[in-house]
Amino acid sequence: MRKIGILTSGGDCSGMNAAIRSAVRSGLRNNVEMVGFRKGYVGLMKPDYITLDSKAVSGILHRGGTFLQSARSPEFRTIEGQQQALANLKNLGVEGLIILGGDGSLTGALALHNLGFPVIGIPASIDNDIPFTDMALGVDTALNNIIYAVDCIKDTASSHARAFVIEVMGRNSGYLASISAIAAGAEYALVPERDFDLSEICQQLRARYEEGRDNAIIILAEGAGNAHQIADSIKDAIGFETRVTVLGHYQRGGAPTVFDRLLASRLGKNAVDLLLKGEKGLMVGLSNNSIITTSLEDVVKGEKKPHDEMLRLAEVLGI
Ligand SMILES: Nc1ncnc2c1ncn2[C@@H]1O[C@H](COP(=O)(O)OP(=O)(O)OP(=O)(O)O)[C@@H](O)[C@H]1O
Ligand SMILES: O=P(O)(O)OC[C@H]1O[C@](O)(CO)[C@@H](O)[C@@H]1O
Ligand SMILES: [Mg+2]
């Protein structure tokens, strides 16, 4: 293989830069020309690309976001958009493509694979909703961002005897909410994967209040309900003073953690190795601290299940 392309698609996340750097350096070491498409599938369809030499990827390992930029592209969902991308790849002499992104981007990767183009996917989404990998890129950094914010909010919640509803991202996944609730010692994690009864929660908060515990942290996954409505219900039911903090895009940025830098470096190199071995239509992932591969078809068909042990742990801890 003489030329490999790389792009980042969907919501950005910390670790994307580290993965690009690793893939580029691995490719160059094997005398492969590396090109980066800007703004995900948008750059693939235009085409908008840059040549990536070793210098182009220096100084980016520690930076959040993606220097190739990312985008969501409705046009790439159409067969016309995909065929345009395919034609550009052929015209440019690109023989293999590495796609970093979430479940949507990997569905796009499968579409290109089904059109006969060699593709390897790298799971990169703070939502951690991609099956066949314990962790996607960016999840660990997002969790650390959340924990930092929750620790800060706990201080002021305690000073003012307030209940805080803290909304975290995750789209339809409660992963960030449940894991951060365990790690930050929150009182509740409200997630789409588990039904909750708000009136029961209010009763429990009142009982806690009567015991002298006059503040609480409720971490709400964005897909599980409306933070303001939940805070108002708590206030109306028990008179507890409430506040809402929506952490928003703060969660998605910042210097990647050691875990994300290492995972990104491993996945980037492995993606190149696979293409050079003639493998295609696969996603590289992490399982039991080893790099594994799964067909993109299985990834797209699969469903990421909440981790049973974590759910039990949350239950034991009363979250
Ligand atoms: N079914 C599909 N067929 C082809 N392309 C798709 C499909 N679904 C998504 N894509 C492409 O992938 C892009 C990103 O998808 P999406 O917005 O779902 O984000 P994602 O990759 O899941 O990342 P994240 O969830 O972290 O933001 C879409 O804008 C589209 O270009
Ligand atoms: O950055 P945007 O386009 O507002 O998208 C936000 C969404 O992207 C994610 O951060 C990643 O999928 C979700 O958690 C969130 O719902
Ligand atoms: Mg997604």
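Note that ligands are numbered from 1 as they come in the structure, with each ligand's atoms numbered from 1 the same way.
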Revision key, fill the gap. Short version for Ser73: what comes under 4.0 Å of ligand 1, heavy atoms counted, is both
**Study point:** Non-hydrogen side-chain atoms of Tyr49 and Leu7 separated by less than 4.5 Å
**Key:** no
Revision key, fill the gap. Note on the Mg ion (ligand 3): protein N/O/S atoms within less than 2.8 Å are Asp103 OD1
**Study point:** Working for side chain to side chain contact (heavy atoms under 4.5 Å, CB included), residues Val272 and Val32
**Key:** CA-CA 10 Å; Val272 169; Val32 176; 5.8 Å; no
Study note, to complete from the structure: Taken to the nearest 0.5 Å, the spacing of Ile238 CD1 from Arg206 CZ works out to 6.5 Å
Review point. Which residue holds the protein heavy atom closest to atom 5 (N) of ligand 1, what is that atom called, and what is the gap in Å?
Key: Gly108 CA, 3.4 Å
Review point. Nearest 0.5 Å, what's the CG-NE2 distance between Asn215 and His160?
Key: 11.5 Å
Check your understanding: Out of curiosity, Ile4 CD1 to Leu28 CG, how far, rounded to the nearest 0.5 Å?
Key -> 10.0 Å
Exercise for review: To the nearest 0.5 angstrom, please state how far the OG1 atom of Thr66 sits from the CD1 atom of Ile20.
Suggested key: 4.0 Å
Review point. Of all the atoms in ligand 1, which lie at a distance below 4.0 Å from a heavy atom belonging to Ser9?
Key: 12 (O), 13 (C), 14 (C)
Check your understanding: Given the rule in the side chain to side chain contact (heavy atoms under 4.5 Å, CB included) test, do Leu44 and Leu89 qualify, once you have shown the distances and angles that lead to the verdict?
Key -> CA-CA 8 Å; Leu44 201 55; Leu89 285 163; 3.8 Å; yes
**Study point:** Which of the ligand 1 atoms, numbered from 1, are nearer than 4.0 Å to a heavy atom of Gly102
**Key:** 20 (P), 21 (O), 22 (O), 23 (O)
Review point. Quick one: which of Ile79, Thr78, Thr107 has a heavy atom closest to atom 2 (C) of ligand 1?
Key: Thr107
Review point. Using the ring of each side chain (for Trp, its six-membered ring), is Phe76 parallel, tilted or perpendicular to Tyr41, with breaks at 30° and 60°?
Key: parallel
Review point. What atoms of ligand 1 come closer than 4.0 angstrom to any heavy atom of Gln82?
Key: 4 (C)
Review point. Can you list the atoms of ligand 1 that are under 4.0 Å from a heavy atom of Ser125?
Key: 24 (P), 25 (O), 26 (O)
Check your understanding: Side chain, backbone, both or neither: which part of Asp127 has a heavy atom under 4.0 Å from ligand 1?
Key -> side chain
Once you restrict both partners to nitrogen or oxygen, which atoms of ligand 2 have a protein partner under 3.5 Å, and how far apart are they?
{"unit_1": "ligand 2", "atom_1": "1 (O)", "unit_2": "His249", "atom_2": "NE2", "d": "2.8"}
{"unit_1": "ligand 2", "atom_1": "1 (O)", "unit_2": "Arg252", "atom_2": "NH1", "d": "2.9"}
{"unit_1": "ligand 2", "atom_1": "1 (O)", "unit_2": "Arg252", "atom_2": "NH2", "d": "3.0"}
{"unit_1": "ligand 2", "atom_1": "3 (O)", "unit_2": "Arg72", "atom_2": "NE", "d": "3.2"}
{"unit_1": "ligand 2", "atom_1": "3 (O)", "unit_2": "Arg72", "atom_2": "NH2", "d": "3.2"}
{"unit_1": "ligand 2", "atom_1": "4 (O)", "unit_2": "His249", "atom_2": "NE2", "d": "3.2"}
{"unit_1": "ligand 2", "atom_1": "5 (O)", "unit_2": "Arg72", "atom_2": "NH2", "d": "3.0"}
{"unit_1": "ligand 2", "atom_1": "8 (O)", "unit_2": "Arg72", "atom_2": "NH2", "d": "3.2"}
{"unit_1": "ligand 2", "atom_1": "8 (O)", "unit_2": "Arg252", "atom_2": "NH1", "d": "3.1"}
{"unit_1": "ligand 2", "atom_1": "10 (O)", "unit_2": "Arg252", "atom_2": "NH1", "d": "2.8"}
{"unit_1": "ligand 2", "atom_1": "12 (O)", "unit_2": "Asp127", "atom_2": "OD2", "d": "2.7"}
{"unit_1": "ligand 2", "atom_1": "12 (O)", "unit_2": "Arg171", "atom_2": "NH2", "d": "3.4"}
{"unit_1": "ligand 2", "atom_1": "14 (O)", "unit_2": "Asp127", "atom_2": "OD1", "d": "2.7"}
{"unit_1": "ligand 2", "atom_1": "14 (O)", "unit_2": "Gly170", "atom_2": "N", "d": "3.0"}
{"unit_1": "ligand 2", "atom_1": "14 (O)", "unit_2": "Glu222", "atom_2": "OE2", "d": "3.2"}
{"unit_1": "ligand 2", "atom_1": "16 (O)", "unit_2": "Glu222", "atom_2": "OE1", "d": "3.4"}
{"unit_1": "ligand 2", "atom_1": "16 (O)", "unit_2": "Glu222", "atom_2": "OE2", "d": "2.5"}

Check your understanding: To which of Arg72, Met169, Met45 does the heavy atom nearest atom 27 (O) of ligand 1 belong?
Key -> Arg72
Practice item. Decide side chain to side chain contact (heavy atoms under 4.5 Å, CB included) for Ser180 and Val150; before the verdict, give the C-alpha distance in whole Å, the side-chain angles of both, and the deciding distance to 0.1 Å. Key: CA-CA 9 Å; Ser180 62; Val150 175; 5.6 Å; no
Check your understanding: How about Ile126 and Tyr175: do any of their side-chain heavy atoms sit closer than 4.5 Å?
Key -> no
Check your understanding: Taking non-hydrogen atoms only, is Glu75 closer than 4.0 angstrom to ligand 1 via side chain, backbone, both or neither?
Key -> neither
**Study point:** Euclidean distance, Ser105 OG relative to Arg72 CZ, rounded to 0.5 Å
**Key:** 8.0 Å
Check your understanding: For the atom pair CG (Leu137) and CG (Leu267), what is the distance rounded to the nearest 0.5 Å?
Key -> 5.5 Å
Point to revise | Short N-O contact, Arg208 and Glu187, less than 4.0 angstrom | key: yes
**Study point:** Taking atom 22 (O) of ligand 1 as the reference point, the nearest protein heavy atom with its distance
**Key:** Asp103 OD1, 2.6 Å
Exercise for review: Using a strict cut-off of 4.0 Å, indicate which atoms of ligand 1 neighbour a heavy atom of Ser105.
Suggested key: 12 (O), 14 (C), 15 (O), 20 (P), 21 (O)
Review point. Would a hydrophobic clustering, with Ile, Leu, Val, Met, Phe, Trp and Tyr connected at side-chain separations under 4.5 Å, put Ile292 with Met283?
Key: no
Review point. Under a 4.0 Å N-O cut-off, is there an ion pair linking Asp273 with Lys269?
Key: yes
Point to revise | Hphob cluster co-occupancy, Leu205 + Phe196, side-chain heavy atoms under 4.5 angstrom | key: yes
Exercise for review: Could you list the atoms of ligand 1 found under 4.0 angstrom from a heavy atom of Tyr41?
Suggested key: 11 (C), 12 (O), 31 (O)
Practice item. Kindly identify the option in Gly11, Ala71, Pro123, Gly104 whose heavy atom sits closest to atom 7 (C) of ligand 1. Key: Gly104
